Amino acid sequence: MSKISKDQLRLVLVLTLIAAISAGILAIVNHLTEPKIKEAERKATNEALALCLPGAGDFREELLPAGAGGDVSEVYRGYFNDKPAGVVVKVEPRGYGGKISMMVGITAEGKVAGIKVLSHSETPGLGAKIRKDDFLQQAAIRESGLGNPPALVRDGGKVEAITNATISCRAVVRGINQALVVAESFLAPAAGGPEASAGRSDSKE
Amino acid sequence: MKDRWRVFANGIFGENPIFRLVLGMCPTLATSTAVANALGMGLAATFVLVCSNVIISLLRNIIPDEVRIPCYIVVVATFVTIVDKVMAASAPGLHQVLGIFIPLIVVNCIILGRAEAFASKNSVSRSFMDGLGMGLGFTLGLLLLSIIREPLGEGTFLVAEDFGFEGLRVIAEDKQVLMFILPPGAFITLGLVLAGINKLVAKLSTVWAQKGGE
């Protein structure tokens, strides 16, 4: 065994020291910024929730129901004065450039109340237009709901897709449909009747 | 003092990282789609560059030659993480847009290049001025590209949602040339601007040479 020379020891010592000091500094920075980052995230979530379900003032996160579509990631129940006002579902369907993270608000009556695209990586100028009201606020989407699921015109529905962005638009519509399925399982018990929970096929218009 | 300013100006003109050294092309092409993004990226890189240059210059006699690269990387990564955290806390929207390019400042060749080529051989004050000059040179380069790309590609100018600035609409919607904010537009813009600057530099240097001769 050869002895470790003084020079070799110095290499280890200097690098360890630099790494240790930098770790200490980062711990302090993390401690200072963490609450602010959490706060900003929480604020963004709350703003999005309120936008999707304008009638509700208070939101509580719920566990995902069994049988939720694969793209559903979070479910919130909205309350107005402690009365259930609807459901907001966060879905992340695959678009053209990656996941489209969006929230869909559904009222207690089962109507789509609002949609907000949180983040996406669609092509700027084409698929990125799914964020715009021209697409999200069209009548075929605003009037959709349980028993009236949205679909693109070329898939036999009434939703007008954005030119050259069919894949992105289809992903958004798929997201809405998955959100509706989840919302149904939350709203059905509240509606009470045995027909309401019997399944999607015979839910009323 | 004059020497310090020469070091500073060298980063902006003589050895501008984007247009003269052609370094750091990846963030340059990717984040110059809008003026706000370019400014955010440029200032983040400038902060890291100045801090890492100063620290590395301070430690230049302590850091052994054999482990200098890992030492530089640790110093640079520390400052990049600070920028990343602070930006996420204060400007979440900008942080989301710049995304992966903030952590990637760690391997930005301008920063490691200046640490190796300049800060490790020069005094603290000279390294500081070098970092500032190079950083601002990088920022100006990004700004120049984004000032061309944003209005042509997006049709807007100076949009900064994080700071509640809606920007100006320069070109009517649906009349903009989308290509300019897509990757091909980045290469074309950079190529044309590079050519223009090379032409300008060539012209200026002949003018200066003539003046010197007379």
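Here is how names work: the chains are called A, B, and so on, in the same order as the sequence lines, proteins then strands, and each is numbered from 1. Predicted model only: the values in this text are computed from it and were never measured.
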Problem - Interchain contact, L11(A) with chain B, by part (heavy-atom threshold 4.5 Å) - result: both
Handout entry: Whether T31(B) side chain and T28(B) backbone form a donor-acceptor pair below 3.5 Å
Key = no
Exercise for the section: Step by step, work out the side chain to side chain contact (heavy atoms under 4.5 Å, CB included) result for F138(B) and T46(B). Expected result: CA-CA 8 Å; F138(B) 181 61; T46(B) 305; 5.7 Å; no
Exercise for the section: Name the region of K129(A), side chain, backbone, both or neither, that has any atom closer than 4.5 Å to a heavy atom of chain B. Expected result: side chain
Handout entry: Part of L15(A) within contact of chain B (heavy atom distance under 4.5 Å)
Key = both
Problem - N/O donor-acceptor pair under 3.5 Å between E160(A) side chain and F135(A) backbone - result: no
Exercise for the section: Answer yes or no: are there more than 12 heavy-atom neighbours, outside D3(B) itself, under 6.0 Å from its atom CG? Expected result: yes
Exercise for the section: Show your reasoning for whether salt bridge (charged side-chain N to carboxylate O under 4.0 Å, His left out) applies to K38(A) and E41(A). Expected result: CA-CA 5 Å; K38(A) 283 262 164 66; E41(A) 278 170 6; over 6 Å; no
Exercise for the section: May I ask you to decide if N10(B)'s main-chain N or O and E15(B)'s side chain share a donor-acceptor pair within less than 3.5 Å? Expected result: no
Practice task
Could you tell me which residues in residues 85-93 of chain A have at least one non-hydrogen atom under 4.5 Å from a non-hydrogen atom of chain B, sorted by residue number?
Solution key: none
Exercise for the section: Write out, in numerical order, the residues from residues 107-121 of chain A with a heavy atom short of 4.5 Å from a heavy atom in chain B. Expected result: L118(A), S119(A)
Problem - Over-ring placement of R60(A) relative to Y79(A), 6.0 Å and 45° cut-offs - result: yes
Handout entry: Neighbour count above 12 (heavy atom, 6.0 Å) for L26(A) CG
Key = yes
Practice task
Output, in order, the C-alpha distance, side-chain angles, deciding distance and verdict of side chain to side chain contact (heavy atoms under 4.5 Å, CB included) for L64(A) and E74(A).
Solution key: CA-CA 7 Å; L64(A) 285 183; E74(A) 286 165 29; 5.8 Å; no
Exercise for the section: Would you give the length of the straight line joining atom CG of L192(B) to atom CD1 of I197(B), rounded to the nearest 0.5 angstrom? Expected result: 11.5 Å
Fill in the blank from the handout: Within residues 52-88 of chain B, the residues sitting under 4.5 Å from chain A by heavy atom, in sequence order, are L59(B), N61(B), I62(B), I63(B), P64(B), E66(B), V67(B), P70(B), C71(B), V74(B), V75(B), T78(B), T81(B), I82(B), K85(B), V86(B), A88(B)
Problem - Trace of the side chain to side chain contact (heavy atoms under 4.5 Å, CB included) decision for F19(B) with L144(B) - result: CA-CA 11 Å; F19(B) 299 122; L144(B) 187 55; 3.9 Å; yes
Handout entry: Neighbour count above 12 (heavy atom, 6.0 Å) for K43(A) NZ
Key = no
Completion exercise
Contact list (residues 103-117 of chain B to chain A, heavy-atom gap under 4.5 Å, by number) returns none
Practice task
Report yes or no: does R174(A) contribute a side-chain atom to a donor-acceptor pair with the main-chain N or O of R94(A) at less than 3.5 Å?
Solution key: yes
Handout entry: L53(A)/Y76(A) under side chain to side chain contact (heavy atoms under 4.5 Å, CB included): CA gap, chis, key distance, verdict
Key = CA-CA 10 Å; L53(A) 200 58; Y76(A) 298 84; over 6 Å; no
Handout entry: Pair R149(B)-T189(B), side-chain donor/acceptor within less than 3.5 Å
Key = no
Handout entry: Straight-line distance of L142(B) CG to M41(B) CE, nearest 0.5 Å
Key = 7.0 Å
Exercise for the section: Look only at the side chain of N177(A) and the backbone of P150(A), and say whether a donor-acceptor pair between them is shorter than 3.5 Å. Expected result: yes
Exercise for the section: Look at atom CZ of F8(B) and say whether more than 12 heavy atoms of other residues, nucleotides or ligands are closer to it than 6.0 Å. Expected result: yes
